[in-house]
Amino acid sequence: MKIDPWTSAQYADYSKLRDEFGIEPFDIEGLPEPDRLMRRGVIFGCRGFEYVRKAIMEKRPFIILSGLMPSGRMHLGHKMVIDQIKYYQRLGAHIYIAIADIESYAARNMPLDKAEKIAIEEYVLNYIALGLESKDTQIYFQSKRQAVKDLAYLLGKRIIWSQYSAIYGFEETTNLCHIFSPLVQVGDILHPQLKQYSGPLPLLVPVGVDQDPHIRLTRDLCNAHRLLNVTFTKDGKVGIFVKGEDDVQKLLDKAKDEMRAMGYSDLNMIPKYKALYIPGAAESDIPNINEALIKMEASLNEYTFYPAAATYHRFITGLTGGKMSSSNPPSAIFLTDSPEEGAKKVRSAVTGGGATVEEHKKSGGRPEVCGVFELFVYHLLDDDNELKAIYDGCKAGKRLCGECKAQAATLLKPFLADLGAKREAARSRVKDYLRYD
Ligand code: TRP
Ligand code: SF4
């Protein structure tokens, strides 16, 4: 059975967002054992997922890159990223996690030494306690990784201020460290594909949709550094084009060799147009062709990258009705909350229930806007059938908010207790994850 109780007002907003920004729907078809967040549409969109999908299907290596702002306490909203990273880790991904200490210094005024402490105590310990493995995982600091800062500096060559400020809308009073920090994030996202790390590979960044501007900037800069592009032309042909003015003939020849090696024998080179047409190729062959070109270009240009892909997850509703946010503690279940604190927040949560019990019984509740229901959807219930029963019961006015709260508190308490114990056990393993270069 496939349940989809989330085609709600809120979900409609996400699809509007998707349409507005050209984000593609996230299709889990064919992914091995999609996790809870994928099955339930919490991950609602993506950009450029096709290379990662292909790598997963063909059991080839790929990269997951994520980042955290070490400025506040880790709550259940942040846990979603780790759940996804664990999924991809099981499939064999190389894992990189940035501690965004430059960003938190620039944007939140957080000193670097304090950021390090918060990153370890609030995030790294919880990541380990939640089950992130150290194999093929590195957690590093933006401020300490030279390759990240070099990329930030040098890739910036290919974007001009008018484009950049149109993306971010900085003010006259924004400090320049803050203005520079999106480029540092681009450095985060792309550096795993450098030779001295994993080399060019399909790469995915699982994020909340608020990070989309950084993803677009990154993808634009990937594209801007390519020597060749492959497109489907207006007259229905697949063509490879040299982008710059240099080495046109050499690049066309190399592209031709690559296409021959892929089995395309009918090739039409027109140097005047800086073009190589492949009449035998279909539009759906473009990812394969581009992948071959990326590998070839990487030997000529060290800044050749697979275009970074992203998936976008919905934000979890807070227990006070709005967003779950560290700056509003009653709204959030922090991973370091004691079981009793957590349960207390659940018990006093704003729900989607009717104004009175009579009202609720008569007209039903609104699970689609209910923070307690979202706890089940995102974190506490694995069984899709049970979830559906709660949803239907609420809609029909048969299920009351008190029952949901009691059940959520009952599930949350052992989860938080167990996590606390695992955090203590994790302390000695932090060094297996952290890199100081
Ligand atoms: N900007 C992100 C945030 O606000 C943190 C971050 C830094 C990040 N580098 C990243 C996220 C790279 C994903 C990928 O949370
Ligand atoms: Fe939310 Fe449960 Fe109340 Fe429905 S019954 S509004 S799901 S707490």
Side-chain angles (χ1 to χ4, degrees), residues 5 8 63-72 74 77-78 80-81 84-85 95-108 110 115 119 123 139-143 145 148 151-152 168 178 181-192 203-215 217-218 308-313 315 317 319 321 326 346-355 357 359-361 363-377 380-381 387-409:
S8 58
I63 298 167
I64 297 293
L65 178 292
S66 180
L68 62 99
M69 268 279 245
S71 58
M74 180 169 175
H78 302 116
M80 281 191 269
V81 171
Q84 295 173 69
I85 294 177
I95 312 291
Y96 291 80
I97 299 172
I99 295 169
D101 59 349
I102 292 184
E103 186 181 356
S104 61
Y105 176 62
R108 307 270 164 85
M110 174 67 64
Y123 291 86
I139 305 179
Y140 69 91
F141 297 86
Q142 285 181 326
S143 67
R145 187 155 281 196
V148 167
L151 279 181
Y168 294 104
H178 190 178
S181 67
L183 283 164
V184 179
Q185 184 155 343
V186 173
D188 283 329
I189 294 174
L190 295 180
H191 89 281
L203 179 149
L204 174 70
V205 191
V207 281
V209 73
D210 63 316
Q211 299 294 303
D212 188 49
H214 303 313
I215 300 298
L217 173 65
T218 306
T311 57
Y312 301 103
H313 56 75
F315 294 108
T317 302
L319 296 174
S326 316
V346 170
R347 283 194 292 265
S348 42
V350 174
T351 68
V357 174
E359 173 79 36
H360 186 93
K361 283 183 175 163
S363 321
R366 298 196 302 150
E368 63 276 6
V369 297
C370 176
V372 176
F373 184 68
E374 281 190 15
L375 289 179
F376 294 133
V377 175
L380 296 179
L381 268 191
L387 190 67
K388 170 107 169 91
I390 295 176
Y391 181 90
D392 292 343
C394 170
K395 279 294 207 196
K398 294 202 175 97
R399 169 103 179 173
L400 300 180
C401 297
E403 292 173 68
C404 278
K405 288 180 171 181
Q407 186 177 357

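Keep in mind that what you see is a predicted model, and the values were worked out from it rather than measured. Just follow the structure's listing: the first ligand is 1, and inside any ligand the first atom is 1.
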Check whether any N or O atom of S66, backbone or side chain, sits under 3.5 Å from an N or O atom of ligand 1, and answer yes or no.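 Between S66 and ligand 1 (N or O atoms, distance only) the closest approach is not under 3.5 Å.
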
Could you identify the single nearest non-hydrogen protein atom to [atom] and state the distance to 0.1 Å?
atom                    : result
atom 9 (N) of ligand 1  : D188 OD2, 2.8 Å
atom 15 (O) of ligand 1 : M69 CG, 3.7 Å
atom 14 (C) of ligand 1 : L65 CD1, 3.4 Å
atom 13 (C) of ligand 1 : G67 N, 3.4 Å
atom 2 (C) of ligand 1  : Q211 OE1, 3.2 Å
atom 6 (C) of ligand 1  : Q185 OE1, 3.6 Å
atom 5 (C) of ligand 1  : E103 OE1, 3.5 Å

Can you measure from OG (S143) to CD1 (I102) and round to the nearest 0.5 angstrom? 5.5 Å

Enclosure of K395 NZ (heavy-atom neighbours >12, cutoff 6.0 Å):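 Atom NZ in K395 is crowded, with more than 12 foreign heavy atoms closer than 6.0 Å.
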
In terms of atom number and element, which parts of ligand 1 are under 4.0 angstrom from non-hydrogen atoms of A100? 7 (C)

Which of the atoms in ligand 1, numbered in the order shown and given with their element, are less than 4.0 Å from a heavy-atom of V205? 13 (C), 14 (C)

Under 4.0 Å between a Lys/Arg side-chain N and an Asp/Glu carboxylate O for K398 and E403?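 No, K398 and E403 are not salt-bridged.
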
Protein N, O or S atoms lying under 2.8 Å from atom 2 (Fe) of ligand 2, listed by chain and number: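 Within the sphere that stays under 2.8 Å of atom 2 (Fe) of ligand 2, the protein atoms of type N, O or S are C404 SG.
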
Only one of L65, D188, I85 forms a side-chain contact (heavy atoms from CB on, under 4.5 Å) with I97, so which one is it? I85

Side chains of Q185 and Q142: do they bring a donor and an acceptor to under 3.5 Å?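 Judged by distance alone, the side chains do not pair up.
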
Can you confirm whether the side chains of H178 and Y105 place a donor and an acceptor under 3.5 Å from each other? no

Might you work through the side chain to side chain contact (heavy atoms under 4.5 Å, CB included) test for F373 and T317, ending with a clear yes or no? CA-CA 9 Å; F373 184 68; T317 302; over 6 Å; no

